[in-house]
Number of protein chains: 2
Amino acid sequence: MEDEKTLKTMPRLDESLLTHIPPFSKLGLTEIREILDQASSRRYGEGVAVFSEGGDADRFFMLLDGYIRVIRITETGEQVISLHIPSGQLFGIARALGRDTYPATAVTASEAIILSWPTSLWDRFVIDYDGFSTETYKIVGKRVGEMNMRLVEMATQQVEQRVANALMRLINQTGRKVEDGIEVDFPITRQDLSEMTATTLHTVSRLLSGWEKQGLIKSRRKRIVVTNPHGLMLLSQQR
Amino acid sequence: MEDEKTLKTMPRLDESLLTHIPPFSKLGLTEIREILDQASSRRYGEGVAVFSEGGDADRFFMLLDGYIRVIRITETGEQVISLHIPSGQLFGIARALGRDTYPATAVTASEAIILSWPTSLWDRFVIDYDGFSTETYKIVGKRVGEMNMRLVEMATQQVEQRVANALMRLINQTGRKVEDGIEVDFPITRQDLSEMTATTLHTVSRLLSGWEKQGLIKSRRKRIVVTNPHGLMLLSQQR
DNA sequence: AGAAAAGGTTGCGCCAGAACAACGTTCGAT
DNA sequence: ATCGAACGTTGTTCTGGCGCAACCTTTTCT
């Protein structure tokens with residue numbers, strides 16, 4: 001769980017890694033080259049903490065491949081998953097929100113490849129690269145919007161709707177087409193889903209069993225395939 | 001509820017209005033003068049919508065006096081209060097998050113005096129006034145932090161704790177000292193509190209009655225005085 | 001291979017708090 | 001002063017889903 005910092009600066013990162021990613025997509029190749037030359041790259045195993053709540057926000061990150069879960073832990077030890085980050089997004093950008101410690105913990109939900117830069121470079125990026133700031137805040141805006149949606153959901157919806165919603169969101173954002181439907185693209189347990197929807201793993205298990213009987217999903221250990229997205233959507237909206 | 005736009009440009013707004021307010025406090029008097037000269041000022045009655053969810057984000061606002069409630073309304077017509085904004089803060093800054101419509105509705109929780117500028121000036125402010133952007137994002141960061149806290153609360157705490165928390169937050173952020181304690185500085189109903197904490201007005205009423213019997217608070221219609229903040233805090237933390 | 005750990009299922013009892021209901025109180029309008 | 005609307009209280013009933021428990025299945029470790 002401890003992340004021993006083995007930051008290796010890869011001698012040659014391919015420019016094409018970034019050319020289609022929002023905060024960089026408006027930049028020229030030379031600029032992207034500059035940015036990459038200052039980045040560290042690292043592979044993380046599944047379930048590893050990239051940074052921890054309260055820690056010094058000394059670096060910011062870009063997820064090249066894999067998935068990241070942003071979690072918070074309460075005084076009583078319960079976990080709450082506040083966000084999933086798909087590949088191609090910046091995260092740990094405390095600096096952009098005027099913070100100097102990380103407000104939450106980031107854990108890899110699957111194997112991941114992550115670029116990072118020292119936070120001291122943030123201001124330089126903002127100044128030097130046109131559009132970088134604007135594009136970044138669009139991402140922030142989206143995340144704020146998502147959090148807001150979840151707040152409203154938690155305040156007004158029943159457990160079944162919330163879990164259905166969470167699952168829909170997962171397959172929309174991180175779904176991968178498989179033969180009989182769309183599969184959540186990283187290992188996910190009942191417990192994880194319960195921590196995303198403020199319920200217990202038991203309730204999630206019962207719901208998934210029910211849905212499987214209705215032919216909406218198929219699931220095996222840590223894997224969920226949604227075979228009938230439309231049916232699931234109806235569930236998430238009903239009432 | 002409809003707000004007929006009677007935007008009057010006040011001939012002389014006092015510079016001292018802004019000199020101690022974060023995004024402006026680092027600016028010189030001439031810069032503040034410039035900013036004020038471009039602002040419209042308006043008084044709003046209680047319970048008036050300043051802008052509405054989904055509406056064109058054509059202006060951004062600064063609350064000079066009073067309180068603003070940021071609400072969202074679900075398909076089924078339920079309200080959820082997602083934020084209270086105290087005087088001295090910017091709001092409706094959709095532009096800062098790369099949005100071109102307002103993501104929520106802002107309603108005055110009390111009489112209010114509000115400055116506003118056309119959104120087109122936002123970029124100009126960011127460019128022209130040093131530190132404006134940074135200070136603004138600190139505010140955004142704080143709000144994101146608050147939303148996150150509420151998410152965790154809703155996911156892990158019982159109703160009693162949530163309501164106690166909400167009340168603590170209200171008196172900390174907007175409290176006004178009165179003879180026998182600290183009073184919430186704007187009219188607030190049981191319904192309002194229930195919309196902040198995802199419960200019903202009945203449950204809130206019962207809780208407040210209980211707390212009053214325990215000597216923690218005193219309340220009359222639309223007014224709540226916390227007479228024993230420490231005791232309330234214990235409640236909000238317990239378990 | 002065998003054991004242990006992690007993940008998943010299912011049954012059952014219980015209770016916090018929602019839903020429903022009826023009534024009291026305060027405020028503002030005329 | 002009267003009336004109606006908004007706000008608040010309190011009693012009773014009912015249920016979603018949590019807590020607890022027992023057990024099964026798959027994966028990982030040695």
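Chain naming here is simple, since letters A, B, ... match the order of the sequence lines and numbering starts at 1 in each. Everything numeric in this text was worked out from a predicted model, so none of it was measured.
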Inset, instruction - Taking only heavy atoms on the protein side, list every residue of residues 180-189 of chain A lying under 4.0 Å from any atom of DNA chain C, sorted numerically. - result: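 Of all residues in residues 180-189 of chain A, the ones placing a heavy atom under 4.0 Å from DNA chain C are T189(A).
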Heavy atoms from C-beta onward define the side chain here; which of [options] lies closest to that of [X]?
X	options	result
H202(A)	dG8(C), dA21(D), dT10(D)	dA21(D)
K222(B)	dG8(D), dA21(C), dC20(D)	dG8(D)
Q158(B)	dA16(C), dG17(D), dT10(D)	dA16(C)
S209(A)	dT9(C), dG19(D), dT10(D)	dT9(C)

Under 4.0 Å between a side-chain N or O of [X] and OP1 or OP2 of [N]?
X	N	answer
S205(A)	dT10(C)	no
T203(A)	dG17(D)	no
T199(B)	dG17(C)	no

Legend entry - Identified side-chain contact (heavy atoms from CB on, under 4.5 Å) partner of Y102(B) from the options V50(B), I93(B), D58(B), V70(B):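 Answer after filtering V50(B), I93(B), D58(B), V70(B): D58(B).
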Inset, instruction - Compare every heavy atom of S236(B) with every heavy atom of M233(B), then report the nearest pair and how far apart it is. - result: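 Here M233(B) and S236(B) meet closest at O-OG, 2.8 Å.
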Inset, instruction - Would you give the length of the straight line joining atom CD1 of I68(B) to atom OG1 of T105(B), rounded to the nearest 0.5 angstrom? - result: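 It is 11.5 Å, given to the nearest 0.5 Å.
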Inset, instruction - Under the salt bridge (Lys or Arg N to Asp or Glu O under 4.0 Å) rule, collect the residues that match up with D65(B), sequence neighbours excluded. - result: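 Scan of D65(B) (salt bridge (Lys or Arg N to Asp or Glu O under 4.0 Å), adjacent residues dropped) gives none.
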Legend entry - Listed partners of E160(B) passing salt bridge (Lys or Arg N to Asp or Glu O under 4.0 Å), at least two apart: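 Here no residue qualifies.
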Legend entry - Short side-chain donor-acceptor distance under 3.5 Å, E78(B) and T76(B):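 Looking only at side-chain atoms, E78(B) and T76(B) do form a donor-acceptor pair, the distance falling under 3.5 Å.
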Legend entry - Between the first and last five pairs of the helix from dA1(C)-dT30(D) to dT30(C)-dA1(D), the angle of the axes, rounded to 10 degrees: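 End-to-end axis angle: 50°.
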Inset, instruction - Spell out, as yes or no, whether a donor-acceptor pair under 3.5 Å connects the side chain of R190(B) to the backbone of S205(B). - result: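 It does not hold such a pair.
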Inset, instruction - Please identify each residue that fulfils ring-ring contact (aromatic ring centres under 6.0 Å, His included) with F60(A), with sequence neighbours left out. - result: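 F60(A): ring-ring contact (aromatic ring centres under 6.0 Å, His included) contacts with W117(A), W122(A), F125(A).
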Inset, instruction - List in chain and number order the residues that pass ring-ring contact (aromatic ring centres under 6.0 Å, His included) with F61(B), two or more places apart in sequence or in another chain; answer none if no residue qualifies. - result: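 Expected list: F51(B), F91(B).
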Legend entry - 5' precedence on DNA chain C between R206(A) and R221(A) (nearest-nucleotide basis):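 Residue closer to the 5' terminus by nearest nucleotide: R221(A).
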